[in-house]
Each structure stands twice: as structure tokens, then as C-alpha cells.
There are 2 protein chains.
Amino acid sequence: MDIRALASHLGLSIGTVSRALNDRKDVNAQTRQRVIEAASTLGYTPNQSGRTLRSGRTGTVGFMLTLEHDSAVYGEPFFMALWEGVQTGLTEQGLDLVILLARKGEDGLTFLRRHVSRGTADAWLLSATQVHDERIAFLQDRNIPFVALGRSETERPFAWIDLDFEAVVADAIALFAAAGHRRIGLVAPPATINNSQIVIDCYKAALDAAGIAYDSALIHNGETDENDGESAARELMMLPDRPSALLLMGETAPVGAYRALRALGLEPGQDIAVIGLRDNPACRGLVPQLTCFTLDLEALGLALAGAVAETLAGHGTAQVSHLQRRWPMAPRIGGSHDVQKAVARFA
Amino acid sequence: MDIRALASHLGLSIGTVSRALNDRKDVNAQTRQRVIEAASTLGYTPNQSGRTLRSGRTGTVGFMLTLEHDSAVYGEPFFMALWEGVQTGLTEQGLDLVILLARKGEDGLTFLRRHVSRGTADAWLLSATQVHDERIAFLQDRNIPFVALGRSETERPFAWIDLDFEAVVADAIALFAAAGHRRIGLVAPPATINNSQIVIDCYKAALDAAGIAYDSALIHNGETDENDGESAARELMMLPDRPSALLLMGETAPVGAYRALRALGLEPGQDIAVIGLRDNPACRGLVPQLTCFTLDLEALGLALAGAVAETLAGHGTAQVSHLQRRWPMAPRIGGSHDVQKAVARFA
DNA sequence: CATGCGACCGTAAACGTTTCCGGTACTCGC
DNA sequence: GCGAGTACCGGAAACGTTTACGGTCGCATG
């Protein structure tokens with residue numbers, strides 16, 4: 001089903017048909033209606049390659065998924081809900097979301113270069129941003145619209161939405177402090193991930209605000225997956241003056257931490273208080289229930305879609321400084337009795 | 001960077017350049033080398049729309065992700081590992097994987113129709129197949145290559161790879177039986193999902209093989225997510241003659257089941273034996289450790305990529321009858337002492 | 001030497017769409 | 001009645017690539 005076939009069937013020129021279907025000027029309202037109906041009954045769908053070739057627009061937004069980092073920082077259930085929000089947000093703009101994986105051993109830059117010159121998408125969503133992320137400068141240089149899920153240190157400002165790690169850390173430390181904890185262990189993401197420094201800085205600031213002395217030995221830096229949560233918890237618990245509370249800034253790290261604690265004969269929530277990052281399925285099965293933070297992932301996806309639509313409209317020249325926001329996360333109190341005492345703070 | 005620009009820079013015609021880059025006949029080996037080098041140094045990447053428009057090939061395989069069903073059938077960190085395998089498998093064929101989401105409220109058929117007529121991908125991967133899945137006949141009618149992750153009841157044969165639920169159920173029941181269990185509860189997926197009937201049939205057959213009487217009251221049919229695992233376990237445990245063992249054919253169902261059991265004062269692995277479907281992070285945090293099954297997701301992804309490449313080469317006329325295989329899952333014995341007795345069987 | 005053949009390369013036609021540019025017919029204001 | 005303006009439509013070029021086709025040249029074969 002061609003546009004040419006459709007046009008000749010209607011006795012019109014292909015130009016008029018195209019204008020009618022694309023809501024452009026210079027076409028009679030009645031003819032437009034006729035065209036739209038015929039297209040619908042004949043089942044005409046414009047060929048995307050032809051469109052893109054001519055107009056330069058693909059009508060899609062690419063989501064760059066880098067498995068190693070993404071699955072370390074976020075979990076898979078994180079993205080499923082997020083994507084749902086992004087897709088519904090984009091649908092309103094007539095756009096579609098396409099999720100792409102880097103090839104094995106392919107670094108982020110060559111991945112982007114390949115897909116950008118190929119013309120896979122009109123705009124991009126980046127996740128798992130690094131502290132120094134060359135992808136951002138690359139896209140900026142080429143004036144390609146994009147929004148990052150996560151911050152990064154760059155010369156020029158760019159559009160991003162990131163989880164409000166500042167608030168998470170501050171709330172968690174305040175909870176611990178209110179429950180009387182003075183030695184609080186921290187498991188932070190590896191230094192290459194953008195939020196690592198933020199987490200550590202806020203950790204120090206929150207300790208200071210609570211009048212607790214800072215001890216660098218209580219910080220564990222590295223991956224934040226399940227296995228690392230286990231080894232990190234073990235290491236911190238083997239310290240001579242071990243912590244009485246643990247803050248784990250990884251999705252699945254608490255699962256490993258619970259295991260490590262029990263292996264050492266310590267019962268989570270009883271002998272030691274634990275707070276995790278996010279309320280995901282992996283943590284939901286933990287007993288006693290983990291204290292952690294929740295967020296509306298679908299709403300976050302919608303916000304990302306809105307931001308990307310805005311940068312797309314601005315076409316590179318957009319003012320992105322207002323497109324930088326921290327996404328709130330709400331605390332959810334679990335069954336750890338040490339933390340429980342502080343519930344009032346959030347009542 | 002055009003192919004035209006590249007050609008004129010080399011003093012060749014665009015035809016020759018195209019042939020050189022696409023490994024076609026009628027081009028001198030030396031010139032070909034020269035072209036490839038120039039393309040690399042000048043950073044030329046062919047425009048995909050132009051290619052597709054002319055050749056009709058996109059060089060991509062589409063993965064249709066239907067969130068509601070997928071997240072019910074498979075557990076959460078299922079796809080990430082799978083996709084990694086698919087992408088590496090496709091890379092060998094010069095193909096790329098694109099993952100697409102259905103729009104909100106859009107059913108599978110309109111989704112496919114939209115993307116097929118649009119020409120989004122050369123071949124498709126379907127997941128979460130239903131017992132009666134109209135997507136399959138749709139693709140068959142149009143001779144579009146595809147492979148399904150999951151079986152379905154269709155008139156014509158089609159290419160699929162599915163988890164070996166037969167073996168899972170048989171192994172689980174054998175484990176229970178060897179440990180002396182006579183009343184074994186089953187939590188099966190909803191009837192619309194393709195594996196529901198398979199699971200139930202195998203359950204009956206395995207009981208028969210073990211000389212255990214079948215009791216329909218011990219089967220619970222419905223969703224298999226965490227909440228349903230909870231309610232199903234509670235229901236089964238409230239029976240007058242309640243089961244001593246539970247087989248849960250859902251990814252996250254065991255998490256809810258553990259919760260329900262404890263709420264009834266029953267300790268998993270002590271008062272009741274539990275076996276789950278897959279070794280996912282959500283189940284990995286359970287104490288005592290859950291007995292369940294594992295599989296190599298990346299290898300499964302590779303197999304899917306291979307199958308889709310084969311159907312793509314056959315171009316619809318391919319013999320798909322040999323492209324139907326059940327993917328093996330290996331049992332992993334957890335800390336449930338009732339089941340523990342049967343370890344020898346797998347040593 | 002004529003012929004045929006293979007290797008190599010250039011030419012040009014498609015693929016399906018958007019969009020600029022003209023052209024017609026009609027309306028409106030004077 | 002005439003010019004200007006407007007509404008609507010058709011023609012055709014362009015987007016970047018692949019690929020069928022023809023043409024030239026060199027070489028071997030008879």
C-alpha cells in the first residue's frame with residue numbers, strides 16, 4: 001500500500017495526500033477528511049524509511065541501555081516501569097521509544113556514533129551516566145537532543161533528571177541518628193558512577209548535622225550489586241569498632257548484606273539496622289522488611305519523555321538549564337526496630 | 001558524510017563504493033581495500049533510511065515487549081541477560097536488536113501491524129505467547145520471519161524456544177516424592193498463558209509416575225506474581241487436608257508464599273517444603289534458601305538469535321519444524337530440609 | 001586476427017516520502 | 001471590471017542508497 005496507490009485511488013496527487021495526512025496547510029478540510037478515511041479503510045501506513053530519508057526525522061527516541069552499568073546501578077524492574085512511563089509520554093507526541101543495546105565490548109561512544117550517523121533516532125535518553133561521560137559532549141557537539149537519567153560533570157549544561165540521592169542520604173542518616181546510632185556504615189557506588197561523590201558528600205554533611213564524627217573506615221566503595229553488598233557488609237562488620245547501622249546505596253546490595261550479616265551471627269533489624277536504596281522486588285522478600293525508599297517510576301518516565309520532547313522542540317538551541325531536576329524518593333519504613341523508632345519523623 | 005562525497009573523494013562512482021563496502025562481486029580487491037580504508041578514516045556510515053528504502057532490509061530484529069504479561073510470566077531480571085545474548089548473537093550476523101514497547105492500551109496485534117507496515121525490523125522476537133496468540137498467524141500470513149519465546153497452539157508450525165517446563169515439573173515432583181511427600185500443592189500460571197496446561201498435565205503425569213493420587217483441590221490457577229503466591233499459599237494451607245509441599249511456577253511467587261506460610265505459623269523448609277521456578281534475585285534473598293531451577297539466559301539469547309537468523313535466511317519458506325526446542329533448566333537445591341534428602345538424585 | 005569471456009567499473013533507475021514552487025480558480029475590495 | 005490576495009492542488013526535485021545493466025579493457029583461445 002503506497003502513498004501513490006492511495007493517491008491514484010482518490011484521484012489526487014501524492015503531494016496533496018501527504019499534506020492531508022500530515023496536518024499541513026493548503027488542503028481542503030473536506031478532502032483531508034476523505035483522505036484520512038481512505039487511508040484508514042485501505043490500511044495505508046507510511047513507509048518509515050521514505051519519510052525519514054526525506055524529512056530527516058525518525059519519530060523515535062532511542063534509549064541507550066548499557067547492561068554492565070545499568071544492571072549494577074539500577075535493576076531490571078527499574079527500567080520496565082520506567083519505560084512504560086516514557087512510552088506513554090512519547091505517544092502523546094507521536095513518538096515511539098526504541099531501546100538499544102551496545103554490542104559486546106562496544107563502548108558507549110562508538111555505540112552512539114554508530115547509531116547517530118545511522119540516524120536511528122531523533123533524540124536520545126542516556127542512563128548510567130558516569131562522572132566524566134564523553135557521550136554527553138559528543139551529543140552536544142552535534143546538536144543532537146538528549147536527556148540523561150543521571151548527572152555528570154561537564155563544561156556545558158545539559159538536560160538531566162536524577163534520583164534525589166541528596167535527600168535519600170540525608171533522610172537515612174537522620175533516621176539512624178534519631179534512633180541513636182553513632183557509627184553508620186556506608187556502601188557507595190563505584191567512583192566512576194556519577195552519584196558516588198554526591199552520596200559520600202551528603203553522608204559527611206548529614207553526619208556533621210547530626211553531630212556524629214566522620215570515620216573514613218566506615219565507607220565502602222565499589223559495585224553495589226548483590227555480591228558486593230555481601231562482601232561489603234562482611235568487611236564493615238569485621239572492623240574492630242564495627243558500625244551499628246548500614247546504609248546500602250544499591251538496588252540489590254541489601255539482599256547480599258542480609259546474607260553476610262546472618263553468616264556472622266547478626267540478625268538484621270535486631271543486632272544491626274539496615275537501610276537500602278529502593279523498594280524493588282529483590283528487597284521486598286527480605287525478612288525483616290527492609291527500610292528503603294520508593295519512587296513513582298512511571299511518573300519519572302513521563303517526566304523524561306516530557307523533557308526529551310522539549311529538547312527536541314528546541315532543537316539543540318533549547319535552554320536546558322531549567323531541565324535539570326532531582327526526582328524525589330519517599331522513605332518506606334521497614335521492620336528494622338532500630339529504625340522504627342524514627343517513624344514519627346515521617347508521620 | 002555521503003556515499004557520494006566518499007566516492008568523489010576516491011575518484012570512483014558511488015556504485016563501486018557501495019559494492020566495495022557491501023562485499024559484493026565486481027570490484028577489484030585492491031580498490032575495495034582502498035574504499036574501506038577511506039570510509040574508516042573519513043568516518044563514513046551509510047544512512048540507514050536510504051539503505052532500507054532501496055533494499056527493503058533494515059538490519060534489525062525487533063523484540064516485542066508486552067509489559068503486563070511479560071512481568072507476570074518472567075521475573076524481573078530475566079530480559080537483561082537474555083537480550084545480551086541475543087545482541088551478541090545477532091552482531092555476528094551484522095544485525096542489531098531493537099526493543100519496542102506496545103503503547104498504553106494497544107493490543108499486540110495493532111502494535112505488530114503498525115511496526116510491520118512501517119518496516120521497523122526484518123524479523124521479530126515474540127515473548128509471553130498466549131495459548132491462542134493471533135500475532136503468530138498474523139506474521140505467518142505475511143511471511144515475516146519470527147521466533148517466539150514460548151509455545152502456542154496454532155494450525156501451522158512455527159519457530160519457538162521455550163523453557164522446559166516438562167522437565168521442571170517432573171524433577172520437582174520427583175524430588176518431593178523421593179523426600180516422602182504425598183500431598184503436593186501446585187501454583188500454576190493463568191490458563192491464557194501457554195505453559196499453564198503443560199504444567200498441569202506434567203504435574204498429573206509425575207504424580208502418576210510416583211504413585212501419588214491426584215487431587216484437583218491442590219491446584220491453584222491464576223497469576224503467579226508475588227501477591228498471588230501469597231494468597232495461593234494461604235488458600236492451599238487452609239485446606240482440611242493440607243499439602244506438605246508446594247511447587248510454585250512463578251518467578252516471584254515464592255516470596256509471597258514464604259510470607260503467607262510464616263503468617264500461618266509455618267516455617268518454610270521446616271514445616272513445609274517449597275520449590276520455585278527460577279533462581280532470580282527476588283528469590284535469592286529468601287531464608288532458608290529456596291530450591292528452584294536455573295538456566296543460562298545468555299545462552300538462551302544466543303539460541304534465539306541463531307534461530308531468528310535462520311528463519312531470516314529461509315525468508316519464510318524455511319523449514320521451521322526443527323526450530324522448536326525446549327530449553328533445559330538445572331535444579332539448584334536450597335536449604336529446605338525436606339527436599340534436601342533428594343540431593344543424591346542430582347549428584 | 002577475430003572472437004569470446006571475465007574482470008572491473010560507471011550510469012541510471014528505482015525505493016516512498018516530504019516539500020518547495022507554480023498555477024489555477026475563486027473571492028474581495030475598490 | 002480589474003488587481004490583489006487567498007485557498008487549494010499538481011508537478012517535480014530531493015533525501016541516500018542498492019542494484020540491474022551496459023560498456024570498456026585485457027587476455028586467452030581457436
Side-chain angles (χ1 to χ4, degrees), chain A residues 1-36 38-39 42-60 94-96 114-122 315, chain B residues 1-36 38-39 42-60 94-96 114-122 315:
Chain A
M1 192 64 217
D2 233 354
I3 195 181
R4 187 159 34 205
L6 178 60
S8 74
H9 174 266
L10 282 163
L12 290 171
S13 75
I14 50 178
T16 306
V17 172
S18 173
R19 278 184 305 240
L21 293 175
N22 291 12
D23 254 331
R24 304 193 71 82
K25 298 251 75 175
D26 283 353
V27 48
N28 184 291
Q30 188 177 327
T31 358
R32 164 164 294 145
Q33 194 55 33
R34 208 159 60 90
V35 172
I36 291 175
L42 295 185
Y44 164 76
T45 324
N47 177 291
Q48 192 53 42
S49 308
R51 288 191 115 164
T52 303
L53 184 57
R54 169 63 222 218
S55 68
R57 283 172 263 119
T58 64
T60 61
L95 297 168
D96 267 311
R114 186 160 60 92
H115 276 108
V116 161
S117 57
R118 243 186 160 207
T120 312
D122 296 336
H315 209 68
Chain B
M1 190 65 216
D2 231 356
I3 196 182
R4 188 159 33 205
L6 177 61
S8 75
H9 175 264
L10 282 163
L12 290 170
S13 76
I14 52 176
T16 307
V17 172
S18 174
R19 277 184 306 245
L21 294 175
N22 291 12
D23 254 332
R24 303 193 72 82
K25 298 252 73 175
D26 283 353
V27 47
N28 183 291
Q30 187 176 327
T31 352
R32 165 165 292 146
Q33 192 57 33
R34 208 159 59 89
V35 172
I36 291 175
L42 295 185
Y44 164 75
T45 323
N47 177 290
Q48 191 53 40
S49 308
R51 287 191 116 163
T52 303
L53 184 57
R54 169 64 220 217
S55 68
R57 284 173 261 118
T58 65
T60 61
L95 297 169
D96 267 311
R114 185 160 60 92
H115 276 107
V116 160
S117 57
R118 242 188 160 206
T120 312
D122 296 337
H315 208 69

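Because the structure is a prediction, the values reported are computed rather than measured. Proteins come first, then strands; the chains are lettered A, B, ... in the order of their sequence lines, and each starts at number 1.
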Where His115(B) and Asp96(A) come nearest, the two heavy atoms and their spacing: NE2-OD2, 4.2 Å
Any donor-acceptor pair under 3.5 Å from Ser55(B) side chain to Arg51(B) backbone: yes
Look at the side-chain N and O atoms of Ser55(B) and state whether any lies under 4.0 Å from the OP1 or OP2 oxygen of dT18(D). no
Can a side chain N or O of Asn28(A) be found less than 4.0 Å away from OP1 or OP2 on dC8(D)? yes
Can you tell me if the side-chain N/O atoms of Ser13(B) get under 4.0 Å from OP1 or OP2 in dC9(C)? no
Separation of dC25(D) atom C1' from Asp26(B) atom CG, nearest Å, is 14 Å
With distance as the sole criterion, do the side chain of Arg19(A) and the base of dG10(D) form a donor-acceptor contact below 3.5 Å? yes
If you assign each of Val27(B) and Ser18(A) to its closest nucleotide in DNA chain C, which residue comes earlier from the 5' end? Val27(B)
Can a side chain N or O of Thr31(B) be found less than 4.0 Å away from OP1 or OP2 on dC8(C)? no
In whole angstroms, how far is the C1' atom of dC15(C) from the CG atom of Leu53(B)? 4 Å
With a 3.5 Å distance limit and no angle check, can you tell me whether Gln48(A) reaches the backbone of Thr58(A) through a side-chain donor-acceptor pair? yes
For side chain to side chain donor-acceptor pair (under 3.5 Å), just list the numbers for Arg19(A) and Thr16(A), CA-CA rounded to whole Å, side-chain angles, deciding distance to a tenth of an Å, and then say yes or no. CA-CA 5 Å; Arg19(A) 278 184 305 240; Thr16(A) 306; 3.2 Å; yes
How many whole angstroms separate atom CG of Asn47(A) from atom C1' of dA14(C)? 14 Å
Nearest to the side chain of Ile3(A), which nucleotide is it out of dC8(D), dT11(C), dT18(C)? dT18(C)
From the set dT19(D), dG10(D), dT18(C), return the single nucleotide nearest to any side-chain atom of Asn22(A). dT18(C)
Please confirm whether the backbone N or O of Ser49(B) pairs with a side-chain atom of Thr52(B), one donor and one acceptor, at under 3.5 Å? no
Rounded to whole Å, please give me the gap between CZ in Arg4(A) and C1' in dG16(C). 7 Å
Which part of the nucleic acid does Gly119(A) contact within heavy-atom distance under 4.0 Å: base, sugar-phosphate only, or nothing? nothing
Atom CE of Met1(B) and atom P of dC15(D): how far apart are they, to the nearest Å? 15 Å
Indicate whether OP1 or OP2 belonging to dT18(C) is found under 4.0 Å from a side-chain N or O atom of Arg24(A). no
Roughly how many Å is it from CD in Gln30(A) to C1' in dA7(D), rounded to a whole number? 14 Å
Tell whether Arg51(A) reaches the base of dT17(C) with its side chain through a donor-acceptor pair below 3.5 angstrom. no
Among dG10(D), dT17(D), dC8(D), which nucleotide sits nearest the side chain of Thr16(A)? dG10(D)
Any side-chain N or O of Arg57(A) less than 4.0 Å from the OP1 or OP2 oxygen of dT19(C)? yes
Would you tell me if any nitrogen or oxygen in the side chain of Tyr44(A) comes within less than 4.0 Å of OP1 or OP2 on dT17(C)? yes
Picking from dT18(D), dT18(C), dG16(D), the nucleotide nearest the side-chain atoms of Ile14(B) would be dT18(D)
Using whole Å, what does the distance between atom C1' of nucleotide dT19(C) and atom CG of Asp23(A) come to? 16 Å
Main-chain N/O of Gly15(B) paired with Ser18(B) side-chain donor or acceptor, under 3.5 Å: no
How many Å lie between CZ on Arg118(A) and P on dG16(D), as a whole number? 17 Å
